[in-house]
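Values reported hereafter were calculated over all heavy atoms of this structure, with side chains retained and with hydrogens, waters and symmetry mates removed.
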Amino acid sequence: MQKSGAEILWECLVREGVDTVFGLPGGSVMPIYDVMLNYPVRHVLVKHEQGAAHMADGYARASGKVGVAMATSGPGATNLVTGIATAMLDSSPIVCITGQVPAHLVGGDAFQEVDMTGITLPITKHNFLVTRADEIAQVVREAFYIARSGRPGPVLIDFCKNAQVEMTEFEYPDEIALPGYKPPMRAPREDLQRAVELIEEAERPVILAGHGVLMSDALEELKIFAVKTQTPVAMTLLGLGAMPASDSLSLNMMGMHGEAPCNLAIQNADLLLAFGMRFDDRVTGNLRKYAPTAHKIHIEIDPSEVHKNVHVDAALSGDLKTVLTDLIPMLDEYDHDEWLAQIGEWRRESEDRDILFWPEDGQLYTAKVIHDLWEATGGDSILATGVGQHQMWAAQYYKFEQPHRLITSGGAGTMGFGLPSAIGAWFAHPDREIWLIDGDGSFQMTQAELATAANEGANVKIALMNNNFLGMVRQWQEFFFDSRYAGTPLNNPDFVKIAEAHNIPARLVTQPAEVVPAIEYARQITGPVLLEFRVEKEDAVYPMVATGAALDEMIRRPDRRSKAVGV
């Protein structure tokens with residue numbers, strides 16, 4: 001069957017289950033866009049290609065499918081780079097399709113020619129340059145397989161324009177063979193036995209649950225393991241929801257802005273069980289002081305992550321769900337009552353410092369707004385965030401009872417991720433309630449995608465926390481640079497008017513009594529809504545682990561008896 005390269009691309013995308021593509025056309029992808037009209041795929045026209053990559057990422061995280069972004073060559077393709085890097089660091093499966101100049105012009109500095117395979121080599125799981133139409137079917141098949149298998153991640157396909165118009169025989173490759181790519185599934189028996197011995201000896205164990213728990217769908221196995229061994233569960237930012245926040249064994253978030261009882265438990269543990277996490281610096285603090293008395297077990301599908309940051313005593317390379325399924329029957333039941341009681345004492349002490357228990361003073365605090373949003377939605381919405389203070393407060397005060405409810409940039413810390421990722425999540429789940437919690441600085445990075453939300457009727461509710469600062473940087477300047485606010489104060493526009501210019505309903509909130517009515521107002525409207533909350537300018541996220549400090553050397557919020565916030 002003779003088809004053009006562009007037709008073959010769309011044939012393959014449809015067979016891979018693609019129903020939505022986020023992109024922006026240009027000269028080097030015009031043949032692809034022309035043929036697109038003949039296929040049952042929804043194209044979402046973005047306002048900037050970075051938005052396309054983040055939408056594909058949000059779609060992937062919310063749906064569990066591979067997200068697809070598309071851009072033309074040159075600047076269109078390079079605008080995807082930040083989104084690709086974001087997906088790479090967070091192991092999000094996306095495929096980015098870019099146009100390229102005709103093959104005979106490659107290397108000649110033709111108009112809008114950029115070496116995308118060279119640029120993206122360090123930030124993709126794999127990439128391809130397609131120079132002939134007869135390569136396309138096999139390349140697309142491999143790209144989707146690589147993106148979704150093993151440790152997921154982004155794949156880029158750079159399509160020379162001549163390959164899009166050439167005619168060739170089309171045969172979809174049902175089988176795929178990549179001899180050099182075989183992600184491990186099962187850990188060897190001797191490694192499992194070594195882990196069992198460490199678990200049996202432990203008196204103060206802690207599970208560190210990462211993004212891999214969600215991506216491996218190992219939620220049930222995690223719960224069974226934790227209950228059987230009576231081991232508390234700490235979660236990374238991207239692991240939130242792996243264990244319900246309300247569960248008695250849940251320690252919630254660990255790390256730089258993790259909860260104090262969680263960090264204290266890690267530092268006093270005698271065994272850490274790392275499930276699908278990579279011991280990044282925001283989780284560990286100072287490595288020389290990290291969990292000094294703890295043995296460590298690491299279950300990880302990517303062998304390159306094992307022993308990379310933290311040397312472990314037992315490394316179980318394989319799919320987390322599979323490894324836990326093999327490990328659990330080898331374990332007896334244990335109780336750690338004394339250890340859990342100690343953690344309970346740390347929890348009670350920490351409550352005195354929680355801003356939710358502070359008396360009302362007429363000011364809007366982001367943490368309290370997020371808590372009100374959590375109560376109003378019953379904690380059941382899909383929540384996207386930008387990056388900054390609001391992101392950390394969202395992780396602390398929007399309690400996640402279920403997995404795949406938090407969509408946020410972890411490893412890259414990409415400001416501007418919030419709005420496009422929320423739109424992508426809505427395309428994955430148009431029947432779900434989608435909220436974006438964003439900061440004024442992060443929001444302005446990609447606020448052009450308000451037009452996309454309006455054009456598509458995306459039912460995304462935006463809770464914009466406006467403190468007229470680049471808040472997280474300002475906090476560091478306050479704590480460590482004598483409050484010298486260099487480059488962090490913001491002279492913001494009127495966000496309500498910006499929303500209304502896009503025909504998006506909007507409301508300004510300045511008083512605590514207005515918060516809940518505004519949230520209910522937004523929830524009653526179908527389509528995008530923006531709520532701007534004028535929050536306290538110089539509030540700070542607590543706890544905070546400073547650079548070079550150990551996890552238990554936290555800067556703590558004063559308790560409720562203290563005179564002011566941020567003292």
Side-chain angles (χ1 to χ4, degrees), residues 3-14 16 18-60 66-84 87 94-103 105-106 110-117 119-120 127-131 133 136 139-140 143 154-166 416 419-420 423-424 427 446 448-458 502:
K3 289 185 178 291
S4 71
E7 289 175 316
I8 291 172
L9 171 60
W10 288 109
E11 290 280 352
C12 292
L13 291 178
V14 170
E16 291 291 342
V18 175
D19 53 24
T20 307
V21 171
F22 306 92
L24 199 156
S28 290
V29 286
M30 286 179 67
I32 293 174
Y33 269 82
D34 180 63
V35 171
M36 176 184 72
L37 299 176
N38 302 329
Y39 289 85
V41 175
R42 181 172 185 174
H43 179 266
V44 179
L45 178 62
V46 301
K47 300 301 169 281
H48 189 283
E49 291 88 354
Q50 181 179 345
H54 292 329
M55 287 181 202
D57 191 343
Y59 177 92
V66 177
V68 179
M70 190 174 293
T72 191
S73 63
T78 59
N79 281 344
L80 293 172
V81 167
T82 296
I84 294 171
I94 66 173
V95 170
C96 292
I97 297 167
T98 54
Q100 186 53 277
V101 300
L105 296 179
V106 170
F111 177 67
Q112 290 192 334
E113 180 197 356
V114 171
D115 179 9
M116 281 305 293
T117 54
I119 287 173
T120 61
N127 63 26
F128 300 87
L129 174 64
V130 175
T131 60
I136 294 174
V139 163
V140 174
V155 177
L156 178 123
I157 310 174
D158 202 28
F159 277 91
C160 288
K161 193 170 184 180
N162 63 288
Q164 300 171 32
V165 298
E166 290 170 0
L419 178 57
I423 295 170
F427 277 98
T446 52
E449 301 308 335
L450 280 175
T452 305
N455 293 340
E456 298 290 341
H502 291 87

S.K.: Under the side chain to side chain contact (heavy atoms under 4.5 Å, CB included) rule, what do I157 and V139 come out as? Steps first, then yes or no, please.
M.R.: CA-CA 8 Å; I157 310 174; V139 163; 3.8 Å; yes
S.K.: Are any non-hydrogen side-chain atoms of E49 and T78 less than 4.5 angstrom apart?
M.R.: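 Contact flag for E49/T78 side chains = no.
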S.K.: Give me the atom names and distance for the closest heavy-atom approach of G76 to A71.
M.R.: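 Nearest pair, atom of G76 first, then A71: O-CB, 3.4 Å.
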S.K.: What is the minimum heavy-atom distance between V106 and C160, and which atoms define it?
M.R.: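 That closest heavy-atom pairing would be CG2-SG, 4.0 Å.
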S.K.: Parallel, tilted or perpendicular: which one describes the rings of Y33 and H43, with boundaries at 30° and 60°?
M.R.: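 Correct class here is perpendicular.
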S.K.: Can you tell me if Q100 uses its side chain to pair, donor with acceptor, with the backbone of V114 under 3.5 Å?
M.R.: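 At least one qualifying donor-acceptor pair exists.
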S.K.: Under a 4.5 Å cut-off applied to non-hydrogen side-chain atoms, are L9 and V140 in contact?
M.R.: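 They are in contact (side-chain heavy atoms under 4.5 Å apart), so the answer is yes.
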S.K.: With distance as the sole test, does E113 use its side chain to make a donor-acceptor pair with the main-chain N or O of V101 at under 3.5 Å?
M.R.: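 Not a single qualifying donor-acceptor pair exists.
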S.K.: Working to the nearest 0.5 Å, report the span between OG1 of T98 and CD1 of I84.
M.R.: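 It comes to 7.5 Å.
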S.K.: What are the two closest heavy atoms between A6 and V35, and how far apart are they?
M.R.: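 Smallest interatomic distance, heavy atoms only, reads CB-CG2, 3.8 Å.
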S.K.: Measure the spacing between CZ of F128 and CG of D158 and express it to the nearest 0.5 Å.
M.R.: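 It comes to 12.0 Å.
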S.K.: Test F22 against every option in V68, V44, I94 by the side chain to side chain contact (heavy atoms under 4.5 Å, CB included) rule and name the one that passes.
M.R.: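 With F22 as partner, V68, V44, I94 yield a single side chain to side chain contact (heavy atoms under 4.5 Å, CB included), made by V44.
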S.K.: Can you give me the closest heavy-atom contact between A60 and G67, atom names plus distance?
M.R.: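 Minimum heavy-atom separation between A60 and G67: CB-N, 3.8 Å.
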S.K.: Side chains of F159 and I97: does their closest heavy-atom pair fall under 4.5 Å?
M.R.: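 A side-chain contact exists here, since the closest heavy-atom pair is under 4.5 Å.
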S.K.: Quick one: does any side-chain atom of N127 pair with a main-chain N or O of T117 as donor and acceptor, under 3.5 Å?
M.R.: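 A pair under 3.5 Å: yes.
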S.K.: If you define the side chain from C-beta out and look only at heavy atoms, does anything of K161 sit under 4.5 Å from V165?
M.R.: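 K161 vs V165: side chains apart.
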S.K.: Give me the one residue out of N79, L24, L80 that meets side chain to side chain contact (heavy atoms under 4.5 Å, CB included) with H48.
M.R.: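 Only match with H48 under side chain to side chain contact (heavy atoms under 4.5 Å, CB included): N79.
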S.K.: Can you find a heavy atom in the side chain of V46 that is under 4.5 Å from one in the side chain of M55?
M.R.: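 In short, these two side chains touch, coming nearer than 4.5 Å.
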S.K.: If you round to the nearest 0.5 Å, how far is CD1 of I136 from OG1 of T131?
M.R.: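 Rounded to the nearest 0.5 Å, the OG1-CD1 separation comes out at 9.5 Å.
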S.K.: Tell me, with the steps shown, if K47 and N455 meet side chain to side chain contact (heavy atoms under 4.5 Å, CB included).
M.R.: CA-CA 11 Å; K47 300 301 169 281; N455 293 340; 3.5 Å; yes
S.K.: For S73 and S28, work out which heavy atoms get closest and say how close.
M.R.: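 Distance-wise, the nearest heavy atoms are OG-OG, 2.9 Å.
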S.K.: State which residues pass salt bridge (charged side-chain N to carboxylate O under 4.0 Å, His left out) with E16; sequence neighbours excluded, sorted by chain then number.
M.R.: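 Partners of E16 under the salt bridge (charged side-chain N to carboxylate O under 4.0 Å, His left out) test: R141, R148.
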S.K.: Restricting to non-hydrogen atoms, name the atom on A454 and the atom on H502 that form the minimum distance, rounded to 0.1 Å.
M.R.: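 Heavy atoms only, the tightest pair is CB-O, 3.4 Å.
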S.K.: If you measure from CD1 on I32 to OG on S4, what distance do you get to the nearest 0.5 Å?
M.R.: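 Spacing of CD1 (I32) from OG (S4) equals 9.5 Å.
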S.K.: When you look at V21 and M36, which way does the side chain to side chain contact (heavy atoms under 4.5 Å, CB included) test go after all the steps?
M.R.: CA-CA 10 Å; V21 171; M36 176 184 72; 5.8 Å; no
S.K.: Output, in order, the C-alpha distance, side-chain angles, deciding distance and verdict of side chain to side chain contact (heavy atoms under 4.5 Å, CB included) for T452 and L45.
M.R.: CA-CA 7 Å; T452 305; L45 178 62; over 6 Å; no
S.K.: First locate atom OG1 of T72, then atom CE of M30, and finally report the distance between them rounded to the nearest 0.5 Å.
M.R.: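 So the OG1 of T72 and the CE of M30 are separated by 9.5 Å.
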S.K.: How many angstroms lie between CD in E456 and OG1 in T20, if you round to the nearest 0.5 Å?
M.R.: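 If I round to the nearest 0.5 Å, the distance is 9.5 Å.
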S.K.: Please identify each residue that fulfils salt bridge (charged side-chain N to carboxylate O under 4.0 Å, His left out) with K3, with sequence neighbours left out.
M.R.: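 K3 satisfies salt bridge (charged side-chain N to carboxylate O under 4.0 Å, His left out) with E11 once adjacent residues are dropped.
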